[in-house]
*Asks:* 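The structure's right below; bear with me while I get my questions together.
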Amino acid sequence: MAQGQEGKAERLEGTAEGLEGKAEGPEARAEGLEGKDAADLQPRATAELKAILEALIFASPEPLTPKAMFNLLDTEPKEDVEAALAALKQDYDRPGGLQLVEVAGGYQIVTRPDLHEWVRRLFHERTTQKLTVQALETLAVIAYRQPITAAEITDVRGVNTSGVLNTLLERHLIKIVGRKQVVGRPFLYATTKEFLIRFGLNDLTDLPKVEDMAEALGLDAPILVEQMPREEDLPLTEPDPVH
């Protein structure tokens, strides 16, 4: 009889252990799910971030700025995005048809300059859109001496530039940034972001040396030297864009 009681007690013990094991099962599964969720929330690997950045830069119609990158990838640590960008730059630092360039405060993926003639064959209409020498001369004067009025540009070049200015405005290479505080209050002209993009410049400090530009355009270097405008020549307030 005692033995029967002992056997019954053992069976009850075994049943209790089995129930405990079943109870631990869901707990363990829950821990596993928590671990999976945590893994899903881990930052992306540099390789994946690099691929995302490359796609964003390629698809962006304008140079993609670091600020825009951080906003678009706001769920990723900033240092990871920076590391991915550095790795992407390194990938493009090799011979090939495309290059990653820093232009107008952002990044673009563009064709290499030495291949432009081949690319132009694909877009025959672009050959008719080249700037004339007169337009390039006027653009150079504006770039180095901005903000500047039409009369001042004419004084420098010795010819009327109204037609050329209209062309440059239509191409969005220059813009009106205000009026000079003199009699007649003539418009002041300056270069645009499109100008930086078109000529592959990150900012105006990347402009070639005055002497090199003057020699290329056949101008006297002094006329391109940037002249700091007098305080009375500057707009009194930040002007609204004029279209």
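The figures that follow rest on heavy atoms only: side chains count, while hydrogens, waters and symmetry mates do not.
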*Asks:* How long is the span from the CG atom in Leu49 to the CE atom in Met69, to the nearest 0.5 Å?
*Replies:*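 Rounded to the nearest 0.5 Å, the CG-CE separation comes to 11.5 Å.
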
*Asks:* Measure the spacing between NZ of Lys175 and CD of Gln146 and express it to the nearest 0.5 Å.
*Replies:*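 It is 8.5 Å, given to the nearest 0.5 Å.
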
*Asks:* Could you tell me whether the side chain of Leu165 reaches within less than 4.5 Å of the side chain of Ile142, counting heavy atoms only?
*Replies:*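 When only atoms from C-beta onward are counted, Leu165 and Ile142 do touch, with a gap below 4.5 Å.
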
*Asks:* Please determine whether the number of non-hydrogen atoms from other residues, nucleotides or ligands lying under 6.0 Å from atom CD of Gln134 exceeds 12.
*Replies:*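 Yes, because the 6.0 Å sphere around CD of Gln134 holds more than 12 heavy atoms from other groups.
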
*Asks:* In terms of side-chain geometry, is the basic nitrogen of Glu137 or Arg157 positioned less than 4.0 Å from the acidic oxygen of its partner?
*Replies:*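 Yes, Glu137 and Arg157 are salt-bridged.
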
*Asks:* To check you understand the geometry: which heavy-atom pair defines the closest contact between Leu201 and Asp206, and what is its length?
*Replies:*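 So the minimum-distance heavy-atom pair works out to CD2-O, 3.5 Å.
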
*Asks:* Find out whether Tyr107 and Val101 are in side-chain contact, i.e. whether some heavy atom of one side chain is under 4.5 Å from a heavy atom of the other.
*Replies:*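 Side-chain contact under 4.5 Å: no.
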
*Asks:* Establish whether Val110 and Phe199 are linked, either directly or via other cluster members, by ILVMFWY side-chain heavy-atom contacts under 4.5 Å.
*Replies:*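 Not linked; separate clusters.
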
*Asks:* Report the C-alpha separation of Lys180 and Glu152 in whole Å, then their side-chain angles, then the decisive distance to 0.1 Å, and conclude whether the salt bridge (charged side-chain N to carboxylate O under 4.0 Å, His left out) test is met.
*Replies:* CA-CA 11 Å; Lys180 190 168 183 176; Glu152 290 166 341; 2.4 Å; yes

*Asks:* Please evaluate residues Ile148 and Val141 with respect to the criterion side-chain contact (heavy atoms from CB on, under 4.5 Å), reporting the C-alpha separation (whole Å), side-chain torsions for both, the decisive distance (0.1 Å), and the verdict.
*Replies:* CA-CA 9 Å; Ile148 187 172; Val141 172; 3.9 Å; yes

*Asks:* Is any side-chain heavy atom of Leu173 closer than 4.5 Å to a side-chain heavy atom of Arg198?
*Replies:*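 Result yes, sub-4.5 Å side-chain heavy-atom pair found.
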
*Asks:* At what distance, to the nearest 0.5 angstrom, does CZ of Phe70 lie from CD of Glu76?
*Replies:*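 Going from the CZ atom of Phe70 to the CD atom of Glu76 covers 12.0 Å.
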
*Asks:* Check whether Leu85 and Leu98 end up in the same hydrophobic cluster, where Ile, Leu, Val, Met, Phe, Trp and Tyr are linked by side-chain heavy atoms less than 4.5 Å apart.
*Replies:*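 Yes, Leu85 and Leu98 fall within the same hydrophobic cluster.
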
*Asks:* Please report the shortest heavy-atom distance between Val177 and Pro147, naming the atom on each side.
*Replies:*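 It is CG2-CB, 4.1 Å.
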
*Asks:* Could you see if Val156 belongs to whatever hydrophobic cluster contains Ile174? Use Ile, Leu, Val, Met, Phe, Trp, Tyr and a side-chain cutoff under 4.5 Å.
*Replies:*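 Yes; Ile174 is reachable from Val156 via cluster members.
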
*Asks:* Roughly how far, to the nearest 0.5 Å, is CD1 of Ile52 from CD1 of Ile57?
*Replies:*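 Going from the CD1 atom of Ile57 to the CD1 atom of Ile52 covers 12.0 Å.
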
*Asks:* Could you go step by step and tell me if Leu131 and Leu168 meet the side-chain contact (heavy atoms from CB on, under 4.5 Å) rule?
*Replies:* CA-CA 9 Å; Leu131 291 173; Leu168 295 176; 4.2 Å; yes

*Asks:* So do Pro186 and Val182 actually touch side chain to side chain, heavy atoms under 4.5 Å?
*Replies:*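 Of all side-chain heavy-atom pairs linking Pro186 with Val182, at least one is under 4.5 Å.
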
*Asks:* What distance do Leu72 atom CG and Leu53 atom CG have between them, rounded to the nearest 0.5 Å?
*Replies:*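 Here the interatomic distance stands at 9.0 Å.
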
*Asks:* Indicate, with yes or no, if Ile197 and Tyr92 share a hydrophobic cluster defined by side-chain heavy-atom contacts under 4.5 Å among Ile, Leu, Val, Met, Phe, Trp and Tyr.
*Replies:*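 Different clusters.
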
*Asks:* Nearest 0.5 Å, please: how far is CG in Leu73 from OG1 in Thr75?
*Replies:*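 Going from OG1 on Thr75 over to CG on Leu73, the span is 6.5 Å.
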
*Asks:* I'd like to know if Glu62 pairs up with Lys193 as an ion pair, taking the criterion as any Lys NZ or Arg NE/NH1/NH2 lying under 4.0 Å from an Asp or Glu carboxylate oxygen.
*Replies:*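 Between Lys193 and Glu62 there is a salt bridge, with a charged N closer than 4.0 Å to a carboxylate O.
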
*Asks:* Minimum heavy-atom separation for Gly105 to Asn202, with atom names?
*Replies:*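 Reported closest heavy-atom pair: N-OD1, 2.8 Å.
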
*Asks:* Do Ile176 and Leu188 touch side chain to side chain, with heavy atoms closer than 4.5 Å?
*Replies:*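 Not in contact.
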
*Asks:* Do Thr167 and Glu170 meet the criterion of a side-chain donor-acceptor pair at a distance under 3.5 Å?
*Replies:*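 Distance-only check fails for Thr167 and Glu170.
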
*Asks:* Tell me, yes or no, whether the heavy-atom count around Phe58 atom CZ, taken from other residues, nucleotides or ligands under 6.0 Å, exceeds 12.
*Replies:*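 Result for CZ/Phe58: open.
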
*Asks:* What I'd like to find out is whether the side chain of Ile153 reaches to under 4.5 Å of the side chain of Thr149, using heavy atoms alone.
*Replies:*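 No, every pair of side-chain atoms sits at 4.5 Å or beyond.
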
*Asks:* Under 30°, 30 to 60°, or over 60°: which ring-plane class applies to Tyr189 and Phe187, parallel, tilted or perpendicular?
*Replies:*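 Geometry flag for Phe187 against Tyr189: perpendicular rings.
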
*Asks:* Do Arg112 side-chain atoms and Gln99 backbone N/O form a donor-acceptor pair below 3.5 Å?
*Replies:*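 Pair absent, no side-chain N/O of Arg112 close to backbone of Gln99.
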
*Asks:* A side-chain contact here means heavy atoms from C-beta on lying under 4.5 Å apart; do Lys50 and Asp91 qualify?
*Replies:*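 Yes - at least one pair of side-chain heavy atoms lies under 4.5 Å apart.
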
*Asks:* Membership question, hydrophobic clusters at under 4.5 Å side-chain separation (ILVMFWY): are Leu88 and Val103 in the same one?
*Replies:*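 No; Leu88 is not reachable from Val103 via cluster members.
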
*Asks:* Is any side-chain heavy atom of Phe195 closer than 4.5 Å to one of Arg171?
*Replies:*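 Arg171 does not reach Phe195 side chain to side chain.
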
*Asks:* Is it the case that the side chain of Thr161 and the backbone of Val164 share a donor-acceptor pair, with hydrogens and angles ignored and the cut-off at 3.5 Å?
*Replies:*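 Flag not set: sc Thr161 to bb Val164 has no pair under 3.5 Å.
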
*Asks:* Keeping the roles fixed (side chain from Ser60, backbone from Pro63), state whether a donor-acceptor pair exists under 3.5 Å.
*Replies:*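 Not a single qualifying donor-acceptor pair exists.
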
